[in-house]
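Some notes on the structure that comes next.
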Number of protein chains: 2
Amino acid sequence: MAATLKDIAKKVGLHPATVSRALNPRTAHLVNPATVAKVRKAASSLNYVPNPMASGLRTSRSHTIGVVIPDLTNPLFPGMVRGIQDTLSHAGYTPLLVNTDNDPAAEESVIASLSARRVDGFVLATARREHPLLAELATKFPIVLINRISESVQASSVAADEQHGIRLAVEHLCALGHTQIAHLAGPAWSSTGHERQQAFARAMREHGLTPARKPAAVDSWSLEAATKTALSMLDGNTQTTALVCANDQLALGAIIAAKKLRMRCPRDVSVVGYNDMPFMDLVDPPLTSVRVPQHDIGAEAARLLLSLLVEDGTMPVKHVRLTPELMVRSSTAPPQR
Amino acid sequence: MAATLKDIAKKVGLHPATVSRALNPRTAHLVNPATVAKVRKAASSLNYVPNPMASGLRTSRSHTIGVVIPDLTNPLFPGMVRGIQDTLSHAGYTPLLVNTDNDPAAEESVIASLSARRVDGFVLATARREHPLLAELATKFPIVLINRISESVQASSVAADEQHGIRLAVEHLCALGHTQIAHLAGPAWSSTGHERQQAFARAMREHGLTPARKPAAVDSWSLEAATKTALSMLDGNTQTTALVCANDQLALGAIIAAKKLRMRCPRDVSVVGYNDMPFMDLVDPPLTSVRVPQHDIGAEAARLLLSLLVEDGTMPVKHVRLTPELMVRSSTAPPQR
DNA sequence: CGTGGTTGCGCAATCGATTGCGTACGCCGG
DNA sequence: CCGGCGTACGCAATCGATTGCGCAACCACG
């Protein structure tokens with residue numbers, strides 16, 4: 001059905017090998033330019049499309065990249081995925097997307113199946129701060145971590161500048177007049193949770209403030225966990241006037257908790273989120289949030305991985321940090337005293 | 001590096017062909033059970049993983065499926081994608097996910113690149129009511145349409161029962177006492193837009209009502225377009241007390257338009273959405289919306305496609321309609337008269 | 001005219017798995 | 001003991017593209 005090199009060869013009266021070289025930009029210089037032109041014309045007239053399985057078999061490169069996401073239905077990730085796809089596809093690579101549901105066992109199995117597919121590399125958004133599985137994976141494949149990073153893994157990464165993002169949030173609250181600010185922290189096993197907590201402590205110090213209370217950390221990035229934790233943070237606590245949350249789900253949970261306690265946001269407590277997921281401008285109240293450049297994170301990660309693939313020599317590990325910005329909305333206001 | 005059939009063959013003293021047969025469940029019966037066991041043991045001791053490019057080259061089946069989505073950042077789709085993935089991966093297939101940005105030119109190019117990858121079939125969420133490209137694709141590949149369908153394409157499909165969904169919305173509004181109900185319709189080129197509009201007209205007739213005004217249709221599924229259209233619908237129109245919107249983005253746009261006109265939702269106008277995207281319970285006001293079973297739609301589509309792949313004989317075209325349910329929240333209330 | 005270097009291209013092996021065909025062997029009944 | 005049959009397995013071709021090797025033709029130069 002589909003045309004092959006042999007068909008083209010027959011049509012132009014050349015050997016398939018010559019046709020192969022003529023059609024491959026990297027080897028076309030070995031072939032007479034006039035011949036190349038003839039071959040090109042024949043190829044397009046036959047609607048020739050190279051068979052990636054055949055070339056992959058020979059070269060043992062599949063031109064596919066495994067993209068491992070904890071949960072695609074978390075609106076943070078589709079933007080990154082699109083950034084990855086846009087960049088990879090321009091380079092002739094195809095992403096193979098999988099979910100792990102934040103489950104390490106599922107992660108191991110999807111990584112195994114992607115390896116079985118002979119992907120050329122990985123982009124992973126599932127890193128934990130301690131992550132032996134990825135540490136080992138990094139020894140066998142080119143990999144790039146996104147969003148969540150891991151110092152225990154010897155690999156390049158692309159993420160938001162958490163320090164900067166949290167500082168924007170704290171500065172904003174200070175400028176509004178808040179002094180009693182607390183942090184609703186993400187899970188400590190996640191770099192994002194950990195770094196944002198550290199960043200919060202530092203930003204508060206920089207402003208000469210002490211946190212309104214010790215940070216409370218949720219055990220998962222879910223709205224339900226956040227609601228529970230925020231309830232225990234806010235209950236009977238009239239001091240705290242502002243909450244910096246480690247992501248938007250936590251912020252939404254905090255707002256729900258506040259409502260349950262008959263506190264109003266932002267009147268009684270200001271809340272800042274992180275990530276600025278879609279529609280956060282339409283929730284009640286519209287959420288002030290730190291916007292991370294999702295598409296850029298994905299695109300940059302893909303670019304990094306592509307350069308790893310060409311430089312089979314060990315390119316130095318590179319940690320890219322992209323700058324977030326603060327979207328100020330109505331979940332923050334001056335404290336009512 | 002990786003073990004091959006030949007390595008196993010050498011280890012157990014058999015021919016690679018025999019090993020291949022022993023390891024393939026479909027042909028294992030041709031081999032002595034004792035031999036099969038021996039081969040299996042050797043395979044696992046060598047960590048043998050079959051090379052999909054080699055087997056694909058020989059069999060000309062890639063065990064990959066193209067999944068074509070208009071826009072992954074639209075929260076409607078990730079749920080479907082996950083349903084597709086969950087089902088396909090259990091069957092040993094890998095989805096290849098691409099976006100089209102609702103752009104027909106982009107669609108053509110991504111379909112071309114998936115064909116170049118030699119996918120075994122397609123799941124498409126990009127159908128228009130007239131869609132020559134897909135009609136032609138259906139003659140060359142097994143395909144299944146999801147969410148949006150197309151009568152001009154000879155292919156199976158899985159979608160929500162729009163008739164039922166819209167009826168739920170209209171019934172709910174009637175039960176609240178509304179009689180002046182209008183429809184904010186989606187683009188007519190989309191089956192979802194078209195069917196929901198038809199369904200609205202019929203549901204109104206069934207309740208002995210006439211629409212408060214002719215349906216106004218947006219030209220794209222975007223919040224911005226919806227805001228503009230809803231503004232012109234509601235401006236100077238004090239009759240209409242309720243709006244059935246063709247999806248959630250349109251509903252959000254309608255709410256924004258109402259606010260701009262100093263109408264309050266639900267006090268002055270009730271609004272019903274469609275799809276029930278994530279976080280629609282947290283927008284202001286919490287949106288009453290028709291929930292479609294996203295995961296099930298994806299899973300069922302994948303199942304349908306898989307059965308198309310085994311029955312290379314022409315399985316009859318099948319149109320599956322899954323039943324939506326209404327999530328009642330606070331964007332609907334009895335009319336204030 | 002002979003030598004050396006370059007250019008253009010063909011040959012054939014190779015990647016790993018699959019599969020049609022052939023054959024050896026064992027078992028059975030006659 | 002022989003013919004017939006079925007089971008278990010090997011052989012070799014095949015899928016389509018890539019690539020090391022080498023041949024032949026060509027040019028230039030001494």
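Taking only side-chain atoms of B/Ser55, from C-beta outward, the nucleotide of D/dA17, C/dA17, D/dC15 with the closest atom is C/dA17. Across D/dC11, D/dC15, C/dA17, the shortest atom-to-atom separation from the side chain of B/Tyr48 is found for C/dA17. With distances taken from any side-chain atom of B/Leu14 to the nucleotides D/dA8, D/dC9, D/dT19, the minimum falls on D/dC9.
The separation between B/Leu30 atom CG and C/dC21 atom P is 15 Å, rounded to whole Å. Between A/Ile8 atom CD1 and D/dA17 atom C1' there is a gap of 11 Å when expressed in whole angstrom units. Regarding B/Arg61, its CZ atom lies at a distance of 18 Å from the C1' atom of D/dG16, rounded to whole Å. In this structure, B/Leu57 places its CG atom 12 Å from P of C/dT19, rounding to the nearest Å. Between the P atom of D/dC11 and the NZ atom of B/Lys6 lies a distance of 13 Å, rounded to the nearest Å. Taking atom NE2 of B/His15 as the reference point, atom C1' of D/dC9 lies 9 Å away to the nearest angstrom. Here C/dT6 presents its C1' atom at 14 Å from CG of A/Asn32, a figure rounded to the nearest Å. Here the P atom of nucleotide D/dG16 and the CG atom of A/Leu23 are 16 Å apart, to the nearest Å.
The side chain to side chain donor-acceptor pair (under 3.5 Å) test with B/Ser157 is passed by exactly one of B/His319, B/Lys318, B/Arg148, B/Glu151: B/His319.
At the heavy-atom level, A/Ser20 lies under 4.0 Å from base atoms of the strands shown. Residue-level contact check: A/Thr35 touches the backbone only, with heavy atoms under 4.0 Å from sugar-phosphate atoms and none from bases. Here B/Arg26 lies in heavy-atom contact (under 4.0 Å) with sugar-phosphate atoms only.
Nearer to the 5' terminus of DNA chain D, by closest-nucleotide assignment, is the contact made by B/Val36 (compared with the other of A/Thr18 and B/Val36). Each of B/Pro33 and A/Thr4 was assigned the nucleotide of DNA chain D with the nearest heavy atom; the assignment lying further toward the 5' end belongs to B/Pro33.
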So which protein N/O to nucleotides 20-28 of chain D N/O distances come out below 3.5 Å?
| from | atom 1 | to | atom 2 | distance (Å) |
| --- | --- | --- | --- | --- |
| D/dG20 | O6 | A/Arg21 | NH1 | 3.4 |

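No more than 12 heavy atoms of other residues, nucleotides or ligands shown are found within 6.0 angstrom of NE2 on B/His90.
In this structure, A/His63 and A/Tyr93 have tilted ring planes: the angle between them lies in the 30° to 60° band.
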Review item, side-chain donor-acceptor pairs of residues 35-43 of chain B, under 3.5 Å, at least two apart:
none

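B/Ser45 and B/Lys11 form a side-chain donor-acceptor contact under 3.5 Å, judged by distance and modelled atom types alone.
The pair A/Asp296-A/Arg303 does not meet the salt-bridge criterion, since no charged nitrogen lies less than 4.0 angstrom from a carboxylate oxygen.
Relative to the ring axis of B/Trp189, B/Arg128 places its NZ or CZ within 45° and under 6.0 Å from the centre.
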